Colleague: 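Let me begin by handing over the structure; questions about it come next.
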Amino acid sequence: MLEYNLPRYLPSAQELPDSDETPVDNELQELIPGLLKAILLILWSERMDWFFGIDMGIYYHPDKPPIVPDGFLSLGVERFYDEELRPSYVLWDENVVPIFVLEVVSQNYRKEYTTKLAEYEALGVLYYVIYSSRRRRKPHLEVHKLVNGKYELQEGNPVWLPEIGLGIGCERGNYCGVTREWMYWYDEQRQRYLTPAEQVKQETQRAQQETQRAQVAEQRVQQLTEQLRALGIDPDNLD
C-alpha cells in the first residue's frame, strides 16, 4: 500500500484533468482492455463492487501527473457513484489501489518494463500485466505479482489470480470481426469465458435447440393422437 504524504486540501476528481492528452499508439490498446471489461460486465453483472478503467488517469498526488495504464481493475469500490461516472480515478477519494493493471505494448516502447513497472510496484498494485504480441522469443503475456514489495514474474498461460477469482491469458479468437490473439479471462479450470458475441451466439443456439425439441415433441403427440384415432379411441375423452 502506498504511504501518502498529501496536502491538507485535496481536489476532487471533477477538478482534475481527465486525460493526459496523449493519444494511444495502436487500436489494440483500446480493444484489448475493452474486451476484458466487456466480459466482466457479463460475469459480474450482479456485482456493484468493482471498477474497470480504460486509458484513465490514476491520481496518487494532486501536484503530480497521473499514471495512465491501458486498463486497470479495482475491487471493493463503487461501480458508479453518480450519473456522470468517473472522469478519473483518484486514490485519496477511492481509498483503494487497483489490484490489476494492464499495459499493451505497441510499436512505440513506453517504458513498460522499467519506469512503469517501478511506478506500479511503488503504488502497491498487486498484479501488473504486460501484453506484447510483437515478441518473438518470449511469451506475449507477462504477469507480475507483488511479493514482499517486489514484482515476481508468474509462469503459465493463463495465470490464475486467486485474489480476483479469475485467470488471465491469451489465445487466438475473434473480436470485433478481427481474428488474432486476444486476452481473455479464465475460470479456475483454465476454461476461458465467452465474449459477449459468443454468449449471444450460444444463447441463440440453445434457444433454437429448445424450439426444435418442442417441435419434435409436438409432432410426436400428433402422431400418437392419430394412432389412437385409427384404433377408434378418442384421445380427447381419455380418463
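No experiment lies behind these values; they were computed from the predicted model shown.
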Colleague: Could you tell me whether the side chain of Glu121 reaches within less than 4.5 Å of the side chain of Leu146, counting heavy atoms only?
Modeller: yes
Colleague: Provide the closest heavy-atom pair for Tyr186 versus Ile168 in the form atom of the first, atom of the second, distance.
Modeller: CD1-C, 4.1 Å
Colleague: Is there a path from Leu85 to Met48 through hydrophobic residues (I, L, V, M, F, W, Y) whose side chains come within less than 4.5 Å of each other?
Modeller: yes
Colleague: Tell me the closest heavy-atom pair linking Gly156 and Val159, and the distance in Å.
Modeller: O-CG2, 3.2 Å
Colleague: Quick check with a 6.0 Å cut-off and a 45 degree axis cone: is Arg79 positioned over the face of Phe51's six-membered ring?
Modeller: no
Colleague: Establish, from distance only, whether the side-chain atoms of Tyr128 and Glu142 form a donor-acceptor pair under 3.5 Å.
Modeller: no
Colleague: Would you mind reporting whether Val101 and Pro69 have side-chain heavy atoms less than 4.5 Å apart?
Modeller: yes
Colleague: Given Trp182, which partner from the list Leu28, Thr195, Asn174, Leu36 fulfils the side chain to side chain contact (heavy atoms under 4.5 Å, CB included) test?
Modeller: Leu28
Colleague: Kindly compute the distance separating CD (Glu112) from CG (Leu117), expressed to the nearest 0.5 Å.
Modeller: 10.5 Å
Colleague: Between Val77 and Trp50, is any pair of side-chain heavy atoms under 4.5 Å apart?
Modeller: no
Colleague: For side-chain contact (heavy atoms from CB on, under 4.5 Å), just list the numbers for Met183 and Leu102, CA-CA rounded to whole Å, side-chain angles, deciding distance to a tenth of an Å, and then say yes or no.
Modeller: CA-CA 11 Å; Met183 288 184 64; Leu102 169 67; 3.8 Å; yes
Colleague: State, with a plain yes or no, whether a side-chain heavy atom of Ile54 is found less than 4.5 Å away from one of Pro33.
Modeller: yes
Colleague: Report the residue from Tyr60, Tyr59, Phe72 that forms a ring-ring contact (aromatic ring centres under 6.0 Å, His included) with Tyr89.
Modeller: Phe72
Colleague: If I take atom CD1 from residue Ile164 and atom CG from residue Leu126, how far apart are they, to the nearest 0.5 angstrom?
Modeller: 7.0 Å
Colleague: Just verifying a value: how many Å separate Leu153 CG and Lys145 NZ, rounded to the nearest 0.5 Å?
Modeller: 13.0 Å
Colleague: Leu161 versus Leu166: any side-chain heavy-atom pair under 4.5 Å?
Modeller: no
Colleague: Tyr127 and side-chain hydrogen bond (donor to acceptor under 3.5 Å, both in side chains): which single residue from Gln154, His144, Glu163 fits?
Modeller: Glu163
Colleague: How about Cys170 and Glu181: do any of their side-chain heavy atoms sit closer than 4.5 Å?
Modeller: yes
Colleague: Should Val68 and Asp55 be marked as a side-chain contact (heavy atoms from CB on, under 4.5 Å) after you check the CA-CA gap, both sets of side-chain angles, and the distance that decides it?
Modeller: CA-CA 6 Å; Val68 187; Asp55 194 32; 3.4 Å; yes
Colleague: Roughly how far, to the nearest 0.5 Å, is the NZ atom of Lys116 from the CG atom of Leu123?
Modeller: 13.5 Å
Colleague: Answer yes or no: is there an ion pair linking Glu198 with Arg192, defined by an N-O contact shorter than 4.0 Å?
Modeller: yes
Colleague: Side-chain donor-acceptor pairs under 3.5 Å in residues 37-45, sequence neighbours left out?
Modeller:
| from | atom 1 | to | atom 2 | distance (Å) |
| --- | --- | --- | --- | --- |
| Lys37 | NZ | Phe52 | O | 3.2 |

Colleague: Please report the closest heavy-atom contact between Tyr151 and Val125, naming both atoms and the distance.
Modeller: OH-O, 2.7 Å
Colleague: Is any side-chain heavy atom of Glu103 closer than 4.5 Å to one of Tyr131?
Modeller: no
Colleague: Show the nearest heavy-atom pair for residues Leu141 and Gly169, with the distance to one decimal.
Modeller: CD2-CA, 3.6 Å
Colleague: Calculate, to the nearest 0.5 Å, the distance between atoms SG and CD belonging to Cys176 and Glu30 respectively.
Modeller: 11.0 Å
Colleague: How close do Ile58 and Leu91 get, heavy atom to heavy atom, and via which atoms?
Modeller: CG2-CG, 4.2 Å
Colleague: If you measure from the Lys or Arg side-chain nitrogens to the Asp or Glu carboxylate oxygens, is any gap between Arg86 and Glu78 under 4.0 Å?
Modeller: no
Colleague: From Ile67 CD1 over to Glu119 CD, what is the distance, rounded to the nearest 0.5 angstrom?
Modeller: 4.5 Å
Colleague: With the side chain counted from C-beta on, respond yes when Arg180 and Ser133 share a heavy-atom pair under 4.5 Å apart, and no when they do not.
Modeller: yes
Colleague: Search all heavy atoms of Pro66 against all heavy atoms of Gly57 and return the closest pair with its distance.
Modeller: CB-CA, 3.9 Å
Colleague: Using the ring-ring contact (aromatic ring centres under 6.0 Å, His included) rule, pick out the option among Phe100, Trp160, Tyr193 that qualifies with Trp185.
Modeller: Phe100
Colleague: Test Asp49 against Leu75 for side-chain contact (heavy atoms from CB on, under 4.5 Å), laying out the working first.
Modeller: CA-CA 6 Å; Asp49 63 342; Leu75 299 180; 5.8 Å; no
